[in-house]
Structure formats: structure tokens, C-alpha cells
Amino acid sequence: MPHSFYARMVIAAVMPFMVMLTGCITLYQASQAEQHTARSVAQTLGVIADANHLMRLFMDAETAQRGYALTRDGDYLAPYQRALSMFPRTLGTLRDSVQGETQQQRLARANRLFRQWVKNVANVSIVETQGNGSGLPGAATPASKRLVDEFRVIMGNFIDTEEASLHVRQSDSRDAAMNAQRIMIVSILLALAGALVTWWPLFQRTRHAVMEITQRSRRMVEGDLSQRVILPGRDEFAWMAHAFNAMAARLEALVITEKRTSRELAERVHALVQERTRDMRARHALIETLQACRDTRSAQDALRDQLPHVFSHARGGALWCLDMHSPQPPQRVCHWGDAPENDVQTFQTCHALHTGQPQDIALPSARHASACPHVLASPTPGRHLCLPLKGSEGILGVLQVHWLPERDADDDNDARVDFAKGVAEDMVLSLSNVRLREQLEEASIRDALTGLYNRRFLDETLARELARAERQAVPLCVLMLDIDHFKPINDDYGHALGDRALVAVAELLNAHVRRDDIVCRYGGEEFVIIMPGADLNAAQRRGDHLRRCVSALDVEANVPAPIRLTVSLGLACYPQHGDNAEHLLHSADMALYEAKQGGRNRLTIASP
């Protein structure tokens, strides 16, 4: 590597440096002297300030003593007390700062005068003032005046001596500063002269090289990658030009490759963003649809419609659901694409269904015991994901998703799996909410013992059916039943048998009414059957049939013979016996009362 320019730079740098170094050493010595003189000046100024402070303390103490003698006000003694405490410290500071024997003697004399004044003048005056007030208020004693004047003279001489020393030291400081300034100017001029002689040729070469490289670089930044630097010679700049040209050629090739790669990457990112956006929108639409569902059937219908759109990037899939309250096998709610069409028996071998853990199976490589048998039963190449829909009550079902083999090699494969797991979590939450809503609604309208609709449901349904009958101009009958002599059954056999009898009658009524009829437990041993569209004759025939069925009903008990039940019935029909729910139920109740009074085990029609 060439190094002639480097050697010239070293020589050009060393020469001014040596000149500046010599000047700096001399300047350092001059500055040290100046600093020493400056410290002496500062010390002298401090001594003068402390001396003035010492004088003010004495004057303040003397003024405070006379003020107290005049006014007898204790507040005047505060400066006096402060002077007593601060005078020794200030005097000690002055003694440490002053080195001359004469100045030390003056300080000692000032200290004796202050102590003498305190002892012979101040303390005596303060005591007399506190006693009988026989002091000299308003005027200083001759002794006090003499001591104060002598103190002022001594401290004045002390300060004059320090000020004279200050003037001398300030003059020395100015001389040292001027000397340092002259040395600095001479050093700078010599260094500049040496630098000018040695650096000017280097500057010319550097300026030409930098301008050439800068111009070529600027054009390259603007997009012209064909630029090359031309610098003759064998020094470092020539080598730099050669390296620049090689770098420019390589950069030109890299930019071409980078543009092609960036274009391909942008296209892929755009496609990926569109796909992710489509997936998130489909997932959001699925959540909103499931949240609007009122029951499990509508939720399953929504899943059947939405899942193929949510997993549009997958080759196929299926959704299996379980009924938590029924021993029935899993039901395949939906199936899309070319996922394996397993039957119920084959699907029941799914590990996700039994373990509650996700199963990720890649075919044809997965041939081990942990793979789901139902996937291996119909091996479709690709990636198979079995996700259990695990809620708080247990497994609600299993979501199966199948991708093509080539998708396994994509970088976003894990993102697709995470997306599928997120969709499964959304489905679990939504299905659990739907089932909870169904359970709450069912509990609010069902009788806990018989499973029939309760009084609340009766009131709501009867009003709705009456409004429908009025719109459609069709009849509507209400049949009210009451188990005869039910209280003796509870008394003689116990409430457990009474409950069993109520359940048996409820099951019989449910089994022998029309599909559109609504059976409700009205309260106690009373039942109400709403018969939409049935006229009076049809309702009467249906009521007699139910009465005979109940008469033939045997309720097993711990007695030699089963218990036989009978019921009394009251029948009322819209619009003959009432035009609203309250009137219609009242008419049926009155007819039931007449049947009870008429001997029970009979049906009575309400009076118009």
C-alpha cells in the first residue's frame, strides 16, 4: 500500500507540533507564575475582607452596647452577642492567613483591645443598666472611646499594609499575564508559519482528491452508479480512488440485484398483507356473527357458513361438536374442501378429542403412535391440525384444518397455525357464551322439578299467542288441570312420592299433547296447557283424553298396590270466555273449581 502522502503528513504535523510544544512549555511556566500571583492576590483580598469584617464586629458590638444602655431593650444585645461569638473565629482566620510578624502583632493587639473593652466597658455597662440604671446612657465613656479609637488605628494600619501588598501582587500578576500572552503569540505565529510551509502542498493534493471523490460520490447518490474516480499518482489518494472504483462497480451490481429482490419481496409482502387482512376480517366477522347467536343451533349454522371463508387459505377442514348434556357421539357440523371425510367411529379415535391437546400432524412423514388414527386412516398429504375446543365444562368439539404440503415450506406456516389456534379460542369463548345463555334462559322459564315451562313463561307465551290469535282470527283454548286429593298423598306417603307423582303427570302431558301445545306448571299440583288454533270441541276431546290417561297412570310406591291419580280440568276458549290472558286464565280457573265441586275427575267448560 502506498505511504508517501502519509509520511508527508507526519512531517507536516510534527514540525508545527514541536514548535507549539516548546511554546506550550514556556506558556505553562508563565501561567504557573501567573496562577501563583493570582492566588496571592485572592488571598490578600480575603485578608482585607476579614479585617474589615473584624472592625465591623467591634463597631456593631459597641453600638449595640450603647443602644442597650439608652433603651434598656434586650433586642439591642443581639449584635453584641453575635460579635462575641464571631470575633474569635474571624481573628483566627486572619492569623492563619497573615504571615508577617508586624501584622501578627497588630492582630494580637487588636484582640487585647477588644477583650479589654468587653471586660472593662461593655460588661460593666450592661450590668449597671440591668441593675439600677446608673450607667451613662446615650454617650460613650472616655475609656470606651479610647479603646475603640485605638482599635480603629491598629486595624487601619493592618489594612493599609495588606492593600500595599495587594498592589504589588496585582502588578506582578499583570506582568505575568503579559509575558504569557507574548509567549502565546510568538508560538502561534511560528506554528502557523511552519504549518503553511508544510501543509500547503498537502492541502492542494487533498482538495483535488476530495473534490473529485465528492463529485463522483454525489452523482452516485443521485443514481448514476457508472461514476469512476480518476486520480493519478501512487499515494494513498490514488489507492483510495482505485478502491472507490471497485466499490462502485460492486455496488452497481448489488443495486441491480437489490432492486430485483425488493420488487419480489414487495409483491410477496403485499400478497401476505392482503391475506392477513382477509383472514382478520373473516375472523372478526365470525366473532360478530357468533356473538349475535341466541342458541347453539344458530351458532352451528353460523360456523357452517363462516368457517370456509375464515380458512380460505386451507385446503380443507371440518368441525365436530359435542353435546355436553347428552351421551350422543360427536356430530360433524360442517366440512369443506378436500379434508378427509371421517365417519363418527373413525373420528372418535382423535387424540385431541380425548387428551384435550392440539395435534399437529404432517403427512406422509408422520407415521408414529402419537399421530391421530383418523388422519392416518385416510392419509392426505399435507399438514393436519386438530384443535380441541376446550371450554370450562369440558371439550365442546374439535376443529380440523388441512394445508397442502407446499405450505409447510413457507415462512408464514407458524403464523397460520397461530391464526387457527386463535380462531379456535374465539369459537370456544363464543360457544361457551351461547350455551351459558341457553342454560340461563332455560332455567328462567323451566320448572326445576317437572321440566315443564313455569308461570313466567306461561304469562309471556299466553299473551303472545293471544295476540297472534287475534291477528289471524283463530281460536285459542286454555286447559287448566289439578291433581285430585294431592295433599293426602304428600301427607300419607311423603313429599318424595308427591314429587314423583308430579313428574309422572308432567311426562304424560308432554307425551299426549300436540306439537304446538304448550304445557306449563301453574303452581303446586296445577298445570296449564295452551292450545293455539284449537276450538272448544277439539280442546274438550283432548282434555277428556288426558283425563283418562292420567286415570290409567300408576305411580310406583313402597306399598302393596300402586297409587292411582285423577285430575280435574277447567276449559276456557278465546274469544268466548275472555279476550285477554287474565280473563282467560280466570275463566279456566273458575271452570276447574266447578269440576272440583262437581265430584272431581271431570272436565268442565267455562261459562260464557
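- In terms of the side chain to side chain contact (heavy atoms under 4.5 Å, CB included) criterion, residue partners of V168 (sequence neighbours excluded) are, by chain and number, D172.
- Residues T102 and T161 are not in side-chain contact: their nearest non-hydrogen atoms beyond the backbone lie 4.5 Å or more apart.
- In terms of the side chain to side chain contact (heavy atoms under 4.5 Å, CB included) criterion, S85 has no residue partners (sequence neighbours excluded).
- A salt bridge does not link E222 with R218: none of the charged nitrogens is closer than 4.0 Å to a carboxylate oxygen.
- In terms of heavy-atom proximity, P308 sits nearest to L303 at CD-O, 4.2 Å.
- Considering every non-hydrogen atom in both L387 and P358, the closest pair reads CD2-CB, 3.8 Å.
- With sequence neighbours excluded, no residue forms a side-chain hydrogen bond (donor to acceptor under 3.5 Å, both in side chains) with Q43.
- Shown here for V229 and E212, the closest heavy-atom pair between the two residues is CG1-CG, 3.5 Å.
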Exercise. Carefully, step by step, assess Q65 and S125 under the rule side-chain hydrogen bond (donor to acceptor under 3.5 Å, both in side chains).
Key: CA-CA 8 Å; Q65 175 266 321; S125 176; 2.7 Å; yes
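- Contact detail for R228 and R216: the closest heavy-atom pair is O-NE, 3.2 Å.
- For M155 against L54, the heavy-atom pair with the smallest separation is CE-CD2, 4.0 Å.
- Residues R268 and E264 are not paired through a salt bridge, judged by the lack of any N-O separation under 4.0 Å between the basic side chain and the carboxylate.
- For D60, there are no salt bridge (charged side-chain N to carboxylate O under 4.0 Å, His left out) partners two or more places apart in sequence or in a different chain.
- A distance-only check finds a donor-acceptor pair linking the side chain of T93 to the backbone of R89 [under 3.5 Å].
- Side chain of R106 to main chain of I154: no donor-acceptor pair is present (N/O by atom type, distance under 3.5 Å, no hydrogens or angles).
- Judged purely by atom type and a 3.5 angstrom limit, N245 uses its side chain to pair as donor or acceptor with the backbone of A241.
- Note that CG of L399 and CD of E425 are 12.0 Å apart. Values are rounded to the nearest 0.5 Å.
- Under the ring-ring contact (aromatic ring centres under 6.0 Å, His included) criterion, the residue pairs touching residues 83-122 are F58-F114, F58-W117, F87-F114, with sequence neighbours excluded.
- By the side-chain hydrogen bond (donor to acceptor under 3.5 Å, both in side chains) test, N157 pairs with no residue at all, sequence neighbours left out.
- For the side-chain hydrogen bond (donor to acceptor under 3.5 Å, both in side chains) test, no residue two or more places apart in sequence or in another chain qualifies with Q104.
- Take N120 and apply the side-chain hydrogen bond (donor to acceptor under 3.5 Å, both in side chains) test, not counting sequence neighbours, and it matches no residue.
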Quiz item: side chain to side chain contact (heavy atoms under 4.5 Å, CB included) between H284 and M280: does it pass, once the steps are laid out?
Solution: CA-CA 6 Å; H284 182 68; M280 295 307 298; over 6 Å; no
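- Interatomic distance, CD of E150 versus CG of L113, reported as 4.5 Å (0.5 Å rounding).
- Here Q105 pairs with E101 under the side chain to side chain contact (heavy atoms under 4.5 Å, CB included) rule; sequence neighbours left out.
- N123 meets the side chain to side chain contact (heavy atoms under 4.5 Å, CB included) test with Y80, V118; sequence neighbours excluded.
- Take D50 and apply the salt bridge (charged side-chain N to carboxylate O under 4.0 Å, His left out) test, not counting sequence neighbours, and it matches no residue.
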Quiz item: Step by step, would you call R219 with S226 a side-chain hydrogen bond (donor to acceptor under 3.5 Å, both in side chains)?
Solution: CA-CA 9 Å; R219 292 178 184 177; S226 62; over 6 Å; no
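- The two atoms that bring F158 and Q103 nearest to each other are O-NE2, 3.1 Å, heavy atoms only.
- For the ring-ring contact (aromatic ring centres under 6.0 Å, His included) condition, no pair includes a residue of residues 167-192, sequence neighbours left out.
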